[in-house]
Structures are given as structure tokens and as C-alpha cells.
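As C-alpha cells, the structure follows; a few thoughts come after it.
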Number of protein chains: 2
Amino acid sequence: MRRSDRLLELMTRLRDGRIHRAEDLAARFGVSVRTIYRDMDTLAASGIPVEGTRGSGYRALDTLTLPPLSLTPAEIEALQLGLAIVAEAPDPDLKAAALSLTEKMDAALPSEAPTDRDAALAVYPFSDAARGFSHMSTIRAAIRGRQKLRLSYRRPDDVWSFRTIRPLQIDHFGRVWSLTAWCELRNDFRVFRLDLIESADILPELFVDEPGKSLADYRAAG
Amino acid sequence: MRRSDRLLELMTRLRDGRIHRAEDLAARFGVSVRTIYRDMDTLAASGIPVEGTRGSGYRALDTLTLPPLSLTPAEIEALQLGLAIVAEAPDPDLKAAALSLTEKMDAALPSEAPTDRDAALAVYPFSDAARGFSHMSTIRAAIRGRQKLRLSYRRPDDVWSFRTIRPLQIDHFGRVWSLTAWCELRNDFRVFRLDLIESADILPELFVDEPGKSLADYRAAG
DNA sequence: CGGCTCCTGACAACTTTATGTCAGTAATTC
DNA sequence: GAATTACTGACATAAAGTTGTCAGGAGCCG
């Protein structure tokens with residue numbers, strides 16, 4: 001039996017909630033006790049929460065282990081968004097689980113901090129995820145592609161407007177999704193509620209960060 | 001340089017989007033070409049989407065790799081719930097990412113198919129996650145513990161009722177969360193909307209699956 | 001076609017890792 | 001205190017994994 005197979009089966013075996021003595025495990029696998037101790041070291045080093053108590057034996061917390069996964073940026077985004085949503089659930093168990101998992105993933109992801117360019121989607125506490133999604137695809141594409149957008153927008157007071165904007169970031173806080181952008185009509189930053197955007201069309205026109213018009217400027221001013 | 005270090009740097013190097021020839025990589029790492037081919041095999045076997053084209057070279061899709069993670073059942077649940085929510089987003093990119101990720105995780109999780117006992121939370125398409133969460137914690141605990149619940153429930157037509165139920169499963173479809181249970185008042189299966197549950201108290205009374213009253217029976221009859 | 005490059009198999013040399021044995025320490029339970 | 005069991009270090013040996021070399025096959029492109 002190969003070492004890796006033994007480690008795998010050890011994990012499975014430890015998960016039954018009972019206490020296991022190193023000597024029994026050694027006999028079961030036909031290896032020496034010393035080897036079992038070394039295996040436990042290896043498991044612990046891999047993040048499996050196995051706990052040995054002198055005088056009694058080993059037990060493992062009830063966990064499942066996910067193998068290494070290779071994720072596309074979109075999948076990472078979906079994952080983070082999903083967890084952020086669950087983290088707002090009133091169920092404290094779920095909420096705690098989502099938070100601790102988010103923490104684990106943050107620790108696990110490469111330190112390359114997400115750049116502004118990648119952070120096209122920022123997640124905030126929210127309560128009603130469903131509304132206002134309809135133009136998200138277009139808008140995200142525009143943010144990524146640095147393309148200007150032509151918006152047809154209905155203000156909360158039912159006044160209509162048409163404007164060209166430089167989309168910067170999609171956020172969600174409070175109840176709705178919103179889009180932070182530089183508005184070329186007002187010549188200032190504006191935040192648009194996604195559910196009030198009637199139409200959004202990508203213009204062929206590209207834009208670059210100009211001093212005073214970038215996301216960093218918005219945050220600095222915010 | 002250890003093999004594992006080389007593999008890690010290979011991954012990083014491949015992620016730059018350019019095409020790399022095996023010979024160049026071999027020279028860079030001071031190993032033979034044959035070793036590079038073997039490394040590519042190893043990476044592919046680990047799920048890293050590296051693609052070699054005869055006549056041109058290697059390139060890797062833009063991905064990040066998550067190391068093995070050890071997750072508690074609650075975290076797995078949070079993860080699956082979050083992805084199920086995102087999978088309903090109207091944004092096709094996000095939706096596709098969530099679905100493919102769900103698939104990956106399903107494939108990755110141990111083959112132990114979730115039992116009915118573990119499947120206390122089934123996820124369906126949904127649109128308004130926020131409402132009706134307030135008793136979820138209690139209810140999930142009761143499902144897990146096989147404990148009866150005392151419900152104070154307001155029907156959609158505003159008629160109040162009090163009943164003892166055997167909680168079986170929490171679902172979400174359409175717009176609200178709901179609880180499938182065996183109702184001891186009606187002596188039949190009933191589905192309750194969580195947002196209409198006024199109070200839910202766990203009774204000390206345990207229950208066991210009786211023929212005709214289990215989740216399997218409900219599904220069979222469904 | 002010819003040139004490029006990926007790709008595969010086999011085998012021997014080499015390097016690393018895993019393992020058993022032994023000797024002893026430390027916490028826990030009774 | 002006695003029994004029990006987890007732990008640690010050292011070292012020789014056994015096992016496993018890694019690598020280079022060589023010989024040849026297979027898809028892609030101009």
C-alpha cells in the first residue's frame with residue numbers, strides 16, 4: 001500500500017468520530033507505530049484538524065477535505081459572491097460558516113491582491129440579490145474592456161435621462177446592485193441603481209484613467 | 001531545485017498567457033525536455049488546465065489554484081448554497097461559472113453521496129433569499145436532531161394554526177424558503193413557508209422514520 | 001512534403017523519501 | 001504512583017520517486 005493511499009484512508013477512518021489508538025491503526029495498515037505518528041504529522045501539516053490526546057488516542061474533527069481545485073477568475077468571482085451572499089443570511093450557523101470559509105479562501109488565494117481592474121465586482125451586505133441583474137453582463141464586460149456605456153436611466157423620481165458614462169465598479173449594498181461611474185453628462189461621479197437602468201449599450205469608444213476620473217479618485221473623494 | 005518548486009514555478013510561468021516551448025522551459029530550469037513533458041503530465045493530472053499543441057508549444061488557461069481545503073459540513077453547506085444562489089443570477093457569465101464550479105466540487109467531494117440526513121438543505125432556483133430565514137437555524141437543528149417542532153403558523157389567508165410537525169427538509173424554490181414536514185395535525189405531508197412561521201420551538205420528543213412518513217415517501221408520492 | 005514540436009515508452013543511474021528499530025520524554029487517567 | 005498512550009530524535013536500510021538518454025510516433029503548419 002502506498003503512503004498516499006494510506007493517508008487517504010487514515011483520513012476517512014478518523015472521520016467516524018470515534019477514538020483511534022496509534023497502535024491499532026498501525027496494526028490495521030501493517031506499518032509501525034512510528035509511521036502512524038509521522039502520518040499524523042503530515043495530515044496536520046496539510047490542514048486536516050486531527051487531534052491526538054496522550055492516554056486516549058486520535059480523533060478528527062468532522063470535516064471534508066477538498067482536493068486542490070483549479071478555478072477560472074469567473075469561478076473565483078462566483079464563489080466570493082456566493083459566500084458574501086450567504087454571509088448575510090440571518091441563520092447564524094450559515095453566516096459563521098460562510099465567513100470562516102471566506103477567510104480560509106482569502107488565506108489560500110495567492111497574495112496577488114486583486115487589482116482595481118480585477119475588482120469589477122465588489123460585494124457588500126445585501127438582502128435582495130435578484131433585482132437589477134439584467135444589465136450586469138454588459139456592464140461587467142464594459143468595465144473589463146474599458147469601454148464607455150450609453151445608459152438609458154430612470155431616476156427614482158421617474159425622470160428619464162440618457163447619458164454616456166465610464167463604468168468603474170459594480171457594488172451591492174443595502175438592497176440593490178449599483179454601478180459607480182464617471183458621468184460625462186454631469187462631469188462628475190455618479191452611482192446608478194442597476195434596476196433602474198432601462199438599457200445599457202457598449203460604445204466602441206475606449207477610455208483610460210484620467211486624473212480625477214478614476215476609481216481611486218472616487219474612493220479618495222468618497 | 002526541488003521538483004515541487006519547479007512545478008509551482010511552471011504553473012506561474014504558464015499563466016502569463018504566452019506560448020512556451022518545452023525546450024525553453026527545460027533550459028530555464030536546467031532539466032531535460034523529457035522531464036518537462038512529465039511535469040506537464042503531472043500538472044494536467046492535478047487538474048491544472050495546461051494545453052500542449054504540437055508544433056507550437058504550451059499554454060495554460062488563466063486560472064488560480066486553490067490548495068486542499070479542509071471544510072466543516074457547515075462550510076460545505078454554505079458553499080453549495082452560495083453557488084446555488086449565484087447560479088440563478090441573470091448574468092450568464094456568473095451563472096456559468098457557478099454551475100461549472102458546483103460540478104467541480106461535486107466531483108471532488110467524497111463519493112459518499114449525501115444522505116437524506118445530511119441533505120437537510122436542498123437548494124433550488126430562487127430569487128429572494130432574504131425573507132424567511134429567521135427560523136432556519138432552529139429548523140435545521142431540529143431536522144438534524146430528528147426532533148419534532150411546535151409551529152405557530154399563519155396561512156397565506158391569515159388563518160392561524162398551531163401544530164406539531166416532523167421536519168424533513170428545507171427547500172427553496174420560486175420566491176420563498178419552505179419547510180417540508182409531516183404534520184401531525186393533518187396526519188399528512190405539508191409544506192410551510194418559512195416567512196409565515198411565527199414561532200418554531202423544538203420539542204424534546206424525538207421521531208424516527210416511519211413507513212409513509214419519511215422524506216423518501218414524500219418524494220415517492222410527490 | 002519537411003520542419004517543428006509535442007508526446008510516449010523503456011531502462012539504468014541517481015536522489016529523495018519512507019520506514020523500522022530503539023531509546024527516551026510527556027501528558028492523561030485511574 | 002502505575003498504566004496508558006501520544007510524542008520526539010537518531011540512524012541505518014529499504015522503498016519509491018525522479019531524471020537523463022535514446023529511440024521512435026504523431027499532429028500541426030507552411
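Chain letters run A, B, ... following the sequence lines, proteins first and then strands; every chain starts at 1. Values reported hereafter were calculated over all heavy atoms of this structure, with side chains retained and with hydrogens, waters and symmetry mates removed. Computed from a predicted structure; not experimentally measured.
- Between A/Ser56 and B/Ser56, the one whose closest nucleotide on DNA chain C sits nearer the 5' end is B/Ser56.
- A heavy-atom distance below 4.5 Å is not found between the side chains of B/Thr53 and B/Arg59.
- Between B/His20 and B/Val50 the shortest side-chain heavy-atom distance does not fall below 4.5 Å.
- Among all heavy-atom pairs drawn from B/Trp182 and B/Gly212, the shortest one is CZ3-O, 3.6 Å.
- Side chains of A/Ser214 and A/Asp217: a donor on one and an acceptor on the other come within 3.5 Å.
- At a non-hydrogen distance threshold of 4.0 Å, B/Arg34 from residues 25-34 of chain B come into contact with DNA chain C.
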Enumerate donor-acceptor pairs with a distance under 3.5 Å from any side-chain N or O in residues 21-32 of chain B to protein atoms, sequence neighbours excluded.
unit_1	atom_1	unit_2	atom_2	d
B/Arg21	NE	B/Asp24	OD2	3.3
B/Arg21	NH2	B/Asp24	OD1	2.9
B/Arg28	NH2	B/Glu9	OE2	3.0
B/Ser32	OG	B/Arg34	N	3.4
B/Ser32	OG	B/Thr35	N	3.4
B/Ser32	OG	B/Thr35	OG1	3.3

Practice problem: Starting from the C-alpha separation in whole Å, work towards a yes-or-no answer on side-chain contact (heavy atoms from CB on, under 4.5 Å) for A/Arg3 and A/Asp39. | Solution: CA-CA 9 Å; A/Arg3 184 181 120 103; A/Asp39 285 351; 3.9 Å; yes

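- Bracketed by its first and final contacts, the part of DNA chain C lying under 4.0 Å from non-hydrogen atoms of chain A reaches from C/dA18 to C/dT28 in 5' to 3' order.
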Please list, for nucleotides 11-18 of chain D, all pairs of protein and nucleotide N/O atoms separated by less than 3.5 Å.
unit_1	atom_1	unit_2	atom_2	d
D/dT18	OP1	B/Arg3	NE	2.7

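- A distance of 11.5 Å separates CG in A/Leu10 from CG in A/Asp5, rounded to the nearest 0.5 Å.
- Contact detail for B/Pro167 and B/Leu179: the closest heavy-atom pair is CB-CD1, 4.0 Å.
- Separating the CG atom of B/Asp41 from the C1' atom of D/dT19 is a distance of 15 Å, rounded to the nearest angstrom.
- Here the side chains of A/Leu168 and A/Lys213 are not in contact, with every heavy-atom distance at 4.5 Å or above.
- Per the geometry, NE2 belonging to A/His20 stands 14 Å off P belonging to D/dC7, to the nearest Å.
- With A/Glu205 as reference, A/Lys148 is the one residue of A/Arg146, A/Lys148, A/Arg150, A/Arg166 to meet the salt bridge (charged side-chain N to carboxylate O under 4.0 Å, His left out) rule.
- Closest heavy-atom contact between B/Ile165 and B/Ala181: CD1-CB, 3.7 Å.
- Contact of the A/Leu149 side chain with the A/Ile202 side chain is registered, since non-hydrogen atoms from C-beta on lie closer than 4.5 Å.
- Distance CD1 (A/Ile36) to C1' (D/dC7): 14 Å, rounded to an integer number of Å.
- End-to-end axis angle for the helix from C/dC1-D/dG30 to C/dC30-D/dG1, using five pairs per end and rounding to 10°, comes out at 60°.
- Spacing between atom CD1 of A/Ile19 and atom P of D/dT4 amounts to 17 Å, rounded to whole angstrom units.
- Rounding to the nearest 0.5 Å gives a distance of 9.0 Å between CD of B/Glu75 and OG1 of A/Thr102.
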Where do N or O atoms of nucleotides 28-30 of chain D meet protein N or O atoms at under 3.5 Å, pair by pair?
none

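- Between A/Tyr37 and A/Tyr58, the angle of the ring planes lies from 30° to 60°, which puts this pair in the tilted group.
- Counting only heavy atoms from C-beta outward, the side chains of A/Glu184 and A/Phe207 never approach each other to under 4.5 Å.
- Close to D/dC7, at under 4.0 Å from its OP1 or OP2, lies no side-chain N or O of A/Tyr37.
- The number of heavy atoms from other shown groups lying within 6.0 Å of CZ (B/Arg18) does not exceed 12.
- One can place CD of A/Glu51 at 17 Å from P of D/dT5, the figure rounded to the nearest angstrom.
- For A/Glu23 and D/dA3, the CD to P distance is 16 Å, given to the nearest whole Å.
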